[in-house]
Amino acid sequence: MPSTVTEMAVSLWKNLLQTTKERILQQRRMSLYNGAHGYDEELLKKKLQQFVGGSINLFKEDNGIGILTLNNPKLMNAFTGTMMVELQERVTELENWKDGKGLIIYGAGNTFCSGSDLNAVKALSNSQDGMNMCMFMQNTLTRLMRLPLISVALVQGKAVGGGAELTTACDFRLMTPGSEIRFVHKHMGLVPGWGGAARLVRIVGGGAALQLLSGAAKVDPERALHLGLSEETLSSSDETRALEEAQAWLSQYTEGPASVIQAVKKVVTAGRELPVEAALRTEKDIFGTVWGGPANLQALVRRPKHK
Ligand SMILES: CCC(=O)SCCNC(=O)CCNC(=O)[C@H](O)C(C)(C)COP(=O)(O)OP(=O)(O)OC[C@H]1O[C@@H](n2cnc3c(N)ncnc32)[C@H](O)[C@@H]1OP(=O)(O)O
């Protein structure tokens, strides 16, 4: 135990350093690309910071549901450079949210997101910048997908290009009447680069993904439901009411202690991403974190009947 004020300060400082080191290591583990891939994140961030506008806002509710708003309505919530950097910061904040259970992502001004800001894309159109931006967004969206929170993209208006890709980094998609998801990349002479193709194949299967990407097809709520791209069509397209509906929908899966909900998401992530033996070992490790935990012990006392 530290006894003097100096010793206490040194101990606090060491703890802080350790926590920061662990955080950085955790981020590296969750990310795909680093210096070994010829990727210099700090350099790219400096470039992205030149393309200013909009914001990514996070509100953490007491019930453990986070609301992440894509906020650049003048450009249909297109991602400027600063918004890409802010999204990474918000994901880091969510990774460290001990009480978090769920997340809803939606766009301001009754539309979801029109992809990357074409002004930034034009200025960063050389191949190396494009690859770096792709690695940056893949890192961020992979970390978003792996958050131990049950995530929902609330699609109102249009989810276009990178906006469509972002919806696939969520566990579920809910659409409002009249909304659409559209992978327009082909019409821009591109393919998805934010991980949207890899994730879309896993959500709707290879054949349907090929049709959606090669046809740059508009996917309305009915078709999205049929493809399994959307879970439900909400009844209202009004921003406030749709958000309430999405919260009610999500709350059926986030009831219970955060430690248990987070463990559920972690075993599913392992099952989704790892070869079966590694997934089983991870499941065993996560099981060990809840077995004999407070929620488990309380349930043993209550002995609920699951009728
Ligand atoms: C990852 C790679 C990618 O994301 S590639 C895909 C990039 N995104 C696009 O190409 C989308 C281009 N935008 C559109 O097709 C339309 O604006 C969509 C999204 C369909 C909306 O149409 P509509 O409802 O009629 O609105 P609008 O065109 O009048 O747009 C309002 C203002 O917003 C702007 N805007 C829209 N999207 C972007 C974008 N991605 N980057 C920059 N600006 C964008 C429009 O230019 C328009 O601005 P202004 O009012 O003309 O000054």
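In this chain, residues are counted from 1 in sequence order. These values consider heavy atoms only, across backbone and side chains, with no hydrogens, waters or symmetry-generated copies. As the structure lists them, so they are numbered: ligands from 1, and atoms in each ligand from 1.
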D40 and K47 ion-paired at < 4.0 Å: no
Atom pairs and distances, donor-acceptor, side-chain atoms in residues 277-303, under 3.5 Å, two or more places apart:
| residue | atom | partner | partner atom | Å |
| --- | --- | --- | --- | --- |
| T282 | OG1 | A278 | O | 2.9 |
| T289 | OG1 | I286 | O | 2.5 |
| N296 | OD1 | G292 | N | 2.7 |

Counting only heavy atoms not in R202, do more than 12 fall under 6.0 Å of its CZ? no
With a 6.0 Å cut-off on ring centres, are W194 and F79 close enough? yes
Under 3.5 Å, is there a donor-acceptor pair linking the side chains of Q88 and E41? yes
Please determine, by modelled atom types, if S55 and N57 share a side-chain donor-acceptor pair under 3.5 angstrom. yes
Just list the N/O pairs, ligand 1 to protein, that are under 3.5 Å apart, with the distance for each.
| residue | atom | partner | partner atom | Å |
| --- | --- | --- | --- | --- |
| ligand 1 | 4 (O) | S116 | N | 3.0 |
| ligand 1 | 4 (O) | S116 | OG | 3.3 |
| ligand 1 | 4 (O) | G162 | N | 2.9 |
| ligand 1 | 8 (N) | S114 | O | 2.9 |
| ligand 1 | 33 (O) | K74 | O | 3.3 |
| ligand 1 | 37 (N) | S114 | OG | 3.0 |
| ligand 1 | 40 (N) | S114 | O | 3.1 |
| ligand 1 | 40 (N) | S114 | OG | 3.3 |
| ligand 1 | 40 (N) | S116 | O | 3.0 |
| ligand 1 | 41 (N) | L118 | N | 2.9 |

